[in-house]
Every structure is written in C-alpha cells, then in structure tokens.
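Notes to accompany the following structure.
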Amino acid sequence: MSALVEAGGLAAGYGGRPAVHGVTFAAEAGHTVAVLGPNGGGKTTLFRALVGDLVPLAGSVRVTGRPAYLAQTERTRLDFPVSALDVATMGALARSPWWLPARRADRRAAAEALERVGLEVETHARFGALSGGQRQRVLLARALVQEARVMILDEPFGGVDPASGERMDAILGELRGERRAIVVATHDVAAARTFDRVLCLNGRQVAFGEPGTTLSRAVLEATYGSEIVVLEEDGGPVRAVAVQHHEH
Amino acid sequence: MPELVDSLLEPFRSGIGQRALLEVVLVAAIGGALGFWVLTFGLAYGAESLAHGLLPGLVAAALVGVPLLLGGLAGIAAAALLVGLAGRDERVGTDAATAVAVTGLLGLGGVLALAPDVPPRLGELLFGDPLAARAPDLVAAAGLVVLAGLALAALHRPLAAVAFDRDGARSLGLGAGRVTIALLGLLAATLAVAVQGLGNLLVLAVLVAPPVAVRRHASTPARAMLGGAVVAIAAGVVGLYASHHLEIATGASVALALCLAAALGAGFPVRGPRAPARGRLRRAPG
C-alpha cells in the first residue's frame with residue numbers, strides 16, 4: 001500500500017491560531033476516508049491545508065500530485081456566466097498551459113465527464129440555473145477532468161437530491177477502483193460506515209481508523225459534543241443528530 | 001440621404017474630431033472589455049481609487065515635462081503604496097483609509113492642476129477632453145489595445161476559473177492572488193494610458209459603465225467582454241455627437257452617454273429565466 005495523502009501532527013488555522021490540531025492520518029491509493037465533525041470542527045481548514053491553501057502551523061502534510069478539490073457548492077459564483085461544459089472544462093487547466101485556449105480534446109473530456117455524472121442533457125445549461133445536486137455533479141465532473149490521483153470533497157452530499165447523491169456515490173466507488181485516494185467531509189455517520197477509514201475532528205483529531213472499530217458512541221460524543229442524539233441499530237451507532245438550541 | 005451622411009460625418013471632418021473619435025474608440029474597446037473583469041473581481045472601487053489617486057503623478061509629469069504616461073504610472077504606484085500603508089491601520093479600516101488617502105491625492109492633484117500659472121491643458125486631466133488627444137496619445141492607446149487585448153486573451157481561462165470559484169482554482173494550480181495582481185496590472189496600465197486623453201472622470205466611466213450595461217444579459221464572459229466593448233464604443237460615439245451638436249464639454253458628454261447606457265442596460269429585462277443572486281456565502285473557517 002502506498003499513501004497518497006499523509007498528515008503527521010498537523011495543525012492549521014488562521015492568523016496563527018489553529019482551528020484544528022493534532023491531525024495524523026493517511027489515505028492509501030484506492031481508499032476512501034470520511035471526515036466527520038461538527039460545523040467549525042476543522043474539516044474545511046484541514047482540507048485547505050491539504051490543497052496547499054494554508055501553510056501548516058505545526059506538523060507535516062504530504063499529498064501526491066495536485067489534488068482535485070470539490071468545495072461546498074455555495075462557494076461558487078452562481079451569477080457568473082458559464083455553462084456546465086465551461087465549468088467541467090476548467091479541470092483541464094490543471095494539466096495544460098493556462099495561457100492557451102481550451103483544446104478540443106479538453107472539451108471532449110469535459111463532455112464525457114458530464115455524461116459520467118449523468119448531466120449530458122444539461123451540458124450547455126447555465127451553471128447558476130442548475131439545482132444544488134446538479135451543480136455538485138458538475139463540480140465533480142471538473143474534478144474528473146483534472147485527472148488527479150487525490151480527490152478532496154467538502155460535504156458533497158449536503159443539500160443534494162437523492163438521485164444526485166446516488167450517482168455521486170457510484171462514481172466515488174468507481175474512483176476507488178481506479179486506485180485514487182478520496183477524502184470526503186460528511187455529516188452522515190451511516191454513510192461514513194461505508195468508507196475505508198474515518199477521521200473524526202472537533203478542533204483536534206478525536207479518532208482515525210476503520211469505521212467498525214472507530215465509530216463508537218464515545219467517539220461520536222467527543223466529536224460532536226453533548227449536543228447530539230446518537231441513534232443506534234444492531235451494528236452500533238448509525239446516526240448522530242445535532243440538537244438545535246434556540247435562543248429566546 | 002447625402003445630407004444625412006454629411007451631418008453624420010461633420011463632427012469628424014477636422015483632425016481634432018478624427019483624433020477624438022479614434023481615442024474614444026480605442027479606449028472604449030479595451031475599457032469595455034476589461035471592465036467586465038474589474039466588476040467581476042469587485043475592483044470598481046479600487047479602479048476609482050487608482051484613477052483619482054494617480055492625478056498628482058500625472059500633473060507633476062506635465063509640470064516637469066516628462067511623458068504623462070510615466071507620470072500616470074508613477075502616480076498609480078504612489079497611490080497604491082499610500083492606500084496600502086493607510087489601510088494597514090486597523091483603527092481606521094481599509095475603506096475609510098482608502099477614501100481619505102485617495103481624496104487627499106485628488107486634492108493635491110487638483111491644487112497643482114488648477115493653479116493659475118500652470119499650462120492650460122492640466123485642467124483637462126481632471127475632467128477629460130478627447131478633443132485634446134494628440135498623436136502620441138493615440139499611439140499609446142493603440143499599443144494598449146494590442147497588448148492588453150493579448151493579455152486578456154491569455155488570461156481568459158485563469159480569470160474565469162478564479163472569478164467562478166477561488167477555492168477550486170487553487171486546486172487547478174491557479175493562485176487567486178497572482179491572477180488578481182495580473183488583472184490589477186492591466187487595470188493600472190489601462191488607467192495610465194487612457195487617463196492622458198480622457199481624464200479621471202471619463203476613464204472610470206469607460207471601465208465601469210459598459211459591464212454594468214451588459215453583464216446581466218451575457219451568457220459567457222467572452223460575450224460580456226465583446227458586448228461591453230461594443231456598448232462602450234457606441235456610447236462614446238453618441239457622446240461625441242452630443243458634445244458636437246449641443247456644444248457641451250466632450251469628456252463629460254461621453255461619460256454621461258456611458259452612464260446612460262449603464263442605466264438602460266441594467267434596467268432592461270433579462271431574457272429567459274432570471275439570473276440567480278450571487279451564491280457566494282461568507283467564508284467561515286471550519
């Protein structure tokens with residue numbers, strides 16, 4: 001096994017203050033890693049360190065090649081005049097000179113990636129006019145065109161319709177078969193159980209390992225704090241539901 | 001019919017009119033295209049600050065007798081430095097510090113330009129007068145169109161990728177900071193060249209008004225740039241005609257025509273489904 005992503009004692013944050021620290025984990029080729037944690041727990045900060053956007057405050061991080069990064073869709077500009085095909089074609093920027101126009105082969109690869117994510121009908125639709133799930137699939141198509149060995153996906157299933165979720169799930173399975181390393185932030189504990197490894201964060205690393213042995217009630221409570229209800233089935237905890245507090 | 005052609009050509013029979021037309025067309029072409037990216041990157045206030053802040057450099061160059069282009073570039077560098085230094089004081093805040101620094105520079109330039117014993121052309125630097133464009137201004141404007149046009153073509157994909165998704169662009173190997181600096185460099189060059197013939201007022205109108213007019217109606221960045229250039233040229237020519245027939249100041253007339261085009265374009269209903277609101281949310285660590 002060869003690790004495509006490795007972090008050791010990693011701390012990352014903003015203005016010299018760590019938002020997450022003590023992160024030590026690895027993602028092997030052909031492995032999926034689910035990153036669990038509450039909002040503000042450090043998932044996005046970790047991802048920004050993995051893609052090189054943040055310099056580690058402590059520890060080390062190593063990623064093979066340039067990772068493809070699928071940010072939360074809300075961070076894209078919905079008013080920017082681009083089609084689904086234009087967005088997918090942007091992925092080719094990672095492997096071709098930026099000063100030249102997109103080649104025909106790049107646009108063909110982008111069209112094929114859109115087909116792979118089930119959006120061949122929406123190829124020429126304006127990105128901002130698509131549904132949230134469709135937009136996530138377009139961004140996944142852009143990541144596919146990038147041909148990166150490491151894919152980092154920040155809550156790709158958040159607010160996504162079931163059809164989009166299933167399609168993306170199937171593609172992640174295919175990518176695993178292509179021996180890529182896939183790191184995914186998610187809130188869905190049940191889904192995390194289907195990954196090869198889970199990494200639990202709450203401002204620090206709570207746990208890392210195989211889901212069967214790692215996702216215990218104690219780990220989930222340490223990850224999400226006391227404000228959760230852990231729903232259990234025969235095999236153990238399947239879902240952590242945050243309790244909403246309303247201020248009056 | 002010949003009378004109509006005659007009346008259309010009349011403002012441009014003289015060398016002054018022809019040079020004014022060429023200056024306006026050249027600057028409008030590049031300003032209208034570049035303006036799309038200036039607005040998309042949220043740099044309209046920055047463009048205004050640089051355009052106003054460069055005035056002392058421009059006036060000093062005219063007083064000393066060195067080319068205005070050098071004065072404009074030096075003025076932009078000085079303005080950028082002053083704004084950067086002023087913005088570092090967190091007690092004041094970047095917006096307020098920029099406003100104070102730029103207003104101070106504009107005031108300094110005004111004091112120099114409007115002093116009684118300086119050459120008469122310096123007043124034009126403030127308010128703009130395309131009729132005063134000379135051959136060197138046209139050469140500089142033509143050079144700008146070629147070089148900035150090539151730069152915009154080369155930067156098209158990085159600009160689009162960063163404007164669309166800054167985080168995603170980073171993973172494609174594009175630094176948002178570097179792309180923004182390249183855009184600022186183009187903006188500075190355009191301001192330094194265009195401001196010589198068109199003044200502070202007009203140069204800003206030609207950058208900001210055309211994209212406001214077209215960007216809600218454009219389906220691609222390339223069409224927004226092309227549309228911006230066409231609108232800027234058309235409004236510029238309308239402004240020249242208005243100035244000629246109504247006998248009003250040419251720079252102000254062109255600027256007003258551009259702003260009118262912006263108001264019309266922004267108010268015109270968008271065809272098809274309404275463009276969605278901006279989707280970028282506050283960036284929260286986590």
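Keep in mind the model is a prediction, meaning the values are calculated, not measured. Chain letters run A, B, ... following the sequence lines, proteins first and then strands; every chain starts at 1.
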Original post:
Does any heavy atom of chain B fall under 4.5 Å from the side chain of A/Phe80, the backbone, both, or neither of them?
Top reply: side chain
Original post:
A/Val20 versus chain B, heavy atoms under 4.5 Å apart: side chain, backbone, both or neither?
Top reply: neither
Original post:
Non-hydrogen atoms of chain B under 4.5 Å away: do they reach the side chain of A/Ala143, the backbone, both or neither?
Top reply: neither
Original post:
Are A/Asp86 and A/Ser83 linked by a side-chain donor-acceptor pair shorter than 3.5 Å?
Top reply: yes
Original post:
Quick one: CZ on A/Phe208 to CG on A/Leu201, what's the gap to the nearest 0.5 Å?
Top reply: 11.0 Å
Subject >> Heavy-atom proximity to chain A below 4.5 Å, by part of B/Ala161 >> reply: both
Original post:
By a 4.5 Å heavy-atom criterion (distance strictly below it), what part of A/Leu70 contacts chain B: side chain, backbone, both, or neither?
Top reply: neither
Subject >> Residues A/Glu122 and A/Arg137 bridged, charged N to O under 4.0 Å >> reply: no
Original post:
Looking at B/Ala153, B/Ala160, B/Ala218, which has the largest count of heavy-atom pairs under 4.5 Å with chain A?
Top reply: B/Ala160
**OP:** Could you look at A/Ala185 and say if it's the side chain, the backbone, both or neither that has a heavy atom under 4.5 Å from chain B?
**Re:** neither
**OP:** Against chain A, work out which of B/Ser219, B/Gly175, B/Ala169 has the most heavy-atom pairs shorter than 4.5 Å and name it.
**Re:** B/Ser219
Subject >> Approximate separation, where rounding is to 0.5 Å, of B/Tyr45 OH and B/Thr98 OG1 >> reply: 5.0 Å
Original post:
Ion pair present between A/Arg95 and A/Asp106, side-chain N to carboxylate O less than 4.0 angstrom?
Top reply: yes
Original post:
Looking at A/Asp53, A/Thr89, A/Ile152, A/Val82, which one has more heavy-atom pairs under 4.5 Å with chain B than the rest?
Top reply: A/Asp53
**OP:** Count the heavy atoms belonging to other residues, nucleotides or ligands that lie under 6.0 Å from CZ of A/Arg66, then report whether that count exceeds 12.
**Re:** yes
**OP:** Heavy atoms only: give me the nearest B/Ala224-B/Val214 pair and the separation to one decimal.
**Re:** O-CG2, 3.5 Å
Original post:
Where on B/Ala176 is there a heavy atom nearer than 4.5 Å to chain A: the side chain, the backbone, both, or neither?
Top reply: neither
